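The first residue in the sequence is number 1, and the count goes up from there. All figures in this text were calculated on a predicted structure; none of them were measured in a lab.
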Amino acid sequence: MTLEELVAQLLSVPSERISETGTTEPALLDEDGEIVWEEAESLLEHGVGHFTRLAGGGGISPERAAEVTEELQEYLVEETRLGVPAVPHEECLSGYMGPDGTTYPQMIGVASTFEPDRVREMTDRIREQLRAIGSVHALSPVLDIGRDPRWGRTEETFGEDPYLVARMASAYVEGLQGEDPRTGISATLKHFAGHGVGEGGKNRSSVQVGEREFREVHLFPYEVAIREAGAESVMNAYHDVDGIPCAADESLLTGILRGEWEFEGTVVSDYFSVRFLKEEHGVASDYQTAAVQAVQAGLDVELPQIECYDTLVDAVEAGEIERETIETAARRVLRQKVEKGLFEDYGTDQGDVEAAFGPEANREYARQLARESVTLLKNEDDLLPIADDERVAVVGPKADTSAGQLGDYAYAAHYPWKESNRHVVTPLEAFEERLGADSVTYAEGCTTTGPGTDGFEDAVAAAEDADVALAFVGARSAVALSEADAAERDERPDVPTSGEGADVADLGLPGVQKELVEELQETETPLVVVFVSGKPHATPWIDEHVPAVVHGWLPGEEGGYGIADVVLGEHNPSGRLPLSIPKNVGQLPVYYGRKPNSRNERHVYADSDPLYPFGYGLSYTDFAYGDVELSATEIAPAGTVTASITVENTGEMAGHEVIQCYAHQRWPTQARPVQELVGFHRVHLEPGESATVEFDVAASQLAYHDADMDVVVEPGEYELRIGSSAADIEADATFEVTGRREVPQKGRVYFAETRVDSEN
């Protein structure tokens, strides 16, 4: 290969090019979805590594996306010297992010199911849609740890706990990649690494974290998804860690990723992160220097468009970088193309498109995910579920907005000005359909962020005329706060306060939504507050005064039905919190796995307890736990202990319980988290039914980095605590590890094996 052809494999070309000022201009496609052949022939002269979001970015139908992808691949194969096809990639965090793609709940909601099988089934469906349009690579899932809810992208995460994130993300990868690389979609783990703990909870800001915490918390899910699920791609994070930008961190992208974990896939850049080495971090004087820094660190492909890496030809010729470095990166890209079978079959089939897409595609599964993600936080005097014959007031700014049910990487939220054929069911629509329009009164009350209270009177009147009032409140999710929004954010009615680039300093309800809830609470009508939001809101007043509280997260296109299924009793609420909800922003951090001194110390006017703890969620039935029984009271440092516990449904309604197993070491040699999740199992029980759940916990799950940064199992006394949340431990038992062991690279057990035996 010529040097130009090698470098071309490290480039990506989009459907439309984004300028540094944010304006767009055609690249491969015009605004009508037609190929701009003059541009294409110039951009693809030497081949190319990736096509950037031809379908989603181009806003074209699945049928047209399949045609365009095949035409461009055919050009590469038949008209360029080497005939090397490209890797078409798309976004799919909550479903394929393009016209007609099914939109599932945002990931923070999916995490609330505590059910990896649900994630695997979801991404299996996503894989079918992506393959149908010719894509073979996806920029998902997000493995960031969501411990600072000020960060707008908290909604994209699987929560605060590295074990839960690792389990859910691994299932996501397994479903997306499938069993055969030639029919699967390469999953991209992002954002590598530590992106969720930027200073001030701000996106892309610097991360200051010690190596031990970095490895044990923020790198852990990536290690697991690579070793256990075989993830095929990784994306660098934007920020710097202790002064070293991730896009130019050789110790991270090569030393840990490829050296320690033996990762053989491709590393792709987060969009524009190579040029940010110059523009944001100031560590490169020009784009060529930025390109050299990134590719030498181990970053293979620059996304989303040609900006810096095309200068690598000049850099090699000037002696600034060795040709062998370019060959190494290109070899990884070419290997992926071989493994995906692109050299044998890059084409698409319109029959596959018809089978995978359509207005009703996967809607029933989206509804199932939505209702299983809904979390009941409070239910005083069994106000819920609501009976079918009740007259209901549906109020609030999240009650009847389609985009308000979606996460930031859903197509309709990401591109609100573009068309989509996917109907999004709002809560108002769902309740009117179920109860009848005559039994439902609607009033918006207020907007999500504006200061206006003119709608309060109508909302209060609707509540006073109803048997039950449902207030749908929360934050709007979107990508980036526009300049217009920022300039007039106090007056604008619907500024995004969640999602990428929408970070906040206050975790209360935005705008005058809390005041609306207070007005509704003054009526004599029983009130239910339903949060439809991708982040936790610090609302102790609501917890104290409102009899029933529900968190619907961002439930997707079937979200209205999912919420109604729970509120009306068709589905017993089964969601559990994947992160702790604080009482106020000043308490942060409140994640359950803090070290003892952080957990036990308090502020003058606030204690250290969250408003609602990790793993918490109520049901319409009751569950009773027995004692924990251990298979042994002593195990070797390479051994396994089995903990079993019997759980019984003592109520009158069938329901799910999420049984959670936490580990705690007594008298460790260093300050350790108060407790750590080591296993969980979701079980469904009929009234009066019981089940015995067993957790096989390997000693290596208890390992951590010692003073020399070796991963070791320490001897000593350990507790296994089992309960319904991190704060609701129902039973515990103690065992001893009899020796010390350094855990080998390939000898670590990451997940507890679980089993369940049902009894009548």
Is any NZ, NE, NH1 or NH2 atom of the basic residue among Lys535 and Glu156 found under 4.0 Å from an Asp or Glu carboxylate oxygen of the other? no
Applying ring pair (Phe, Tyr, Trp, His ring centres under 6.0 Å) to His137 and not counting sequence neighbours gives His50
For Asp144, give me all partners under side-chain contact (heavy atoms from CB on, under 4.5 Å), at least two apart in sequence or on another chain. Val142, Trp151, Thr157, His191, His195, Tyr222
Nearest heavy-atom pair of Gly58 and Ser15: which atoms, and what distance? N-OG, 3.2 Å
Pairs of donor and acceptor atoms involving the side chains of residues 25-32, under 3.5 Å and at least two apart or interchain, shall be tabulated with distances.
{"unit_1": "Asp30", "atom_1": "OD1", "unit_2": "Asp32", "atom_2": "N", "d": "2.9"}
{"unit_1": "Asp30", "atom_1": "OD1", "unit_2": "Gly33", "atom_2": "N", "d": "3.1"}
{"unit_1": "Asp30", "atom_1": "OD1", "unit_2": "Glu34", "atom_2": "N", "d": "2.9"}

Pairs where residues 100-128 contributes a residue and the test ring-ring contact (aromatic ring centres under 6.0 Å, His included) is met, not counting sequence neighbours: Phe114-Phe614, Phe114-Phe680
In chain order, what residues pass the salt bridge (charged side-chain N to carboxylate O under 4.0 Å, His left out) check against Asp352, with sequence neighbours excluded? none
Geometric class of the Trp553/His551 ring pair [parallel <30°, tilted 30-60°, perpendicular >60°]: parallel
What side-chain donor-acceptor pairs closer than 3.5 Å can you find for residues 462-472, not counting sequence neighbours?
{"unit_1": "Asp467", "atom_1": "OD1", "unit_2": "Arg391", "atom_2": "NH2", "d": "3.2"}
{"unit_1": "Asp467", "atom_1": "OD2", "unit_2": "Arg391", "atom_2": "N", "d": "2.8"}

Please tabulate, for the side chains in residues 504-514, all donor-acceptor contacts under 3.5 angstrom to protein atoms that are two or more places apart in sequence or on a different chain.
{"unit_1": "Asp506", "atom_1": "OD1", "unit_2": "Gly508", "atom_2": "N", "d": "2.8"}
{"unit_1": "Gln513", "atom_1": "OE1", "unit_2": "Gly474", "atom_2": "N", "d": "2.8"}
{"unit_1": "Gln513", "atom_1": "NE2", "unit_2": "Thr448", "atom_2": "O", "d": "3.1"}
{"unit_1": "Gln513", "atom_1": "NE2", "unit_2": "Gly474", "atom_2": "O", "d": "2.8"}
{"unit_1": "Gln513", "atom_1": "NE2", "unit_2": "Pro510", "atom_2": "O", "d": "3.2"}
{"unit_1": "Lys514", "atom_1": "NZ", "unit_2": "Glu518", "atom_2": "OE2", "d": "2.4"}

Listed partners of Glu429 passing side-chain contact (heavy atoms from CB on, under 4.5 Å), at least two apart: His423, Val425, Thr426, Tyr561
Hey, are Arg118 and Glu121 close enough for a salt bridge, meaning a charged N less than 4.0 Å from a carboxylate O? yes
Tell me the salt bridge (Lys or Arg N to Asp or Glu O under 4.0 Å) pairs involving residues 124-135, sequence neighbours left out? Asp124-Arg127
If the condition is ring pair (Phe, Tyr, Trp, His ring centres under 6.0 Å), which residues does Phe272 pass it with, not counting sequence neighbours? none
In terms of relative ring orientation, are Tyr96 and Phe357 parallel, tilted or perpendicular, with 30° and 60° separating the classes? perpendicular
Can you name the salt bridge (charged side-chain N to carboxylate O under 4.0 Å, His left out) partners of Arg167, sequence neighbours left out? none
Is it true that Lys378 and Glu380 have a side-chain N and a carboxylate O under 4.0 angstrom from each other? yes
Note: Val532 and Pro555 closest approach over all heavy atoms is CG1-CD, 4.0 Å
Is Arg682 paired with Glu372 through a side-chain N to carboxylate O contact shorter than 4.0 Å? yes
I'd like to know if Asp503 pairs up with Arg150 as an ion pair, taking the criterion as any Lys NZ or Arg NE/NH1/NH2 lying under 4.0 Å from an Asp or Glu carboxylate oxygen. no
Test of understanding: with salt bridge (charged side-chain N to carboxylate O under 4.0 Å, His left out), list the residues that count as partners of Asp117, not counting sequence neighbours. Arg120
As a quick check of understanding, evaluate salt bridge (charged side-chain N to carboxylate O under 4.0 Å, His left out) for Arg147 and Glu160, giving each step before the final call. CA-CA 5 Å; Arg147 291 184 168 179; Glu160 74 180 36; 5.9 Å; no
Could you check whether any side-chain heavy atom of Ser140 comes within less than 4.5 Å of a side-chain heavy atom of Cys92, counting everything from C-beta outward? yes
For Arg363 and Pro359, which heavy atoms make the closest approach, and how far apart are they? CD-O, 3.2 Å
Ion pair present between Glu558 and Arg371, side-chain N to carboxylate O less than 4.0 angstrom? no
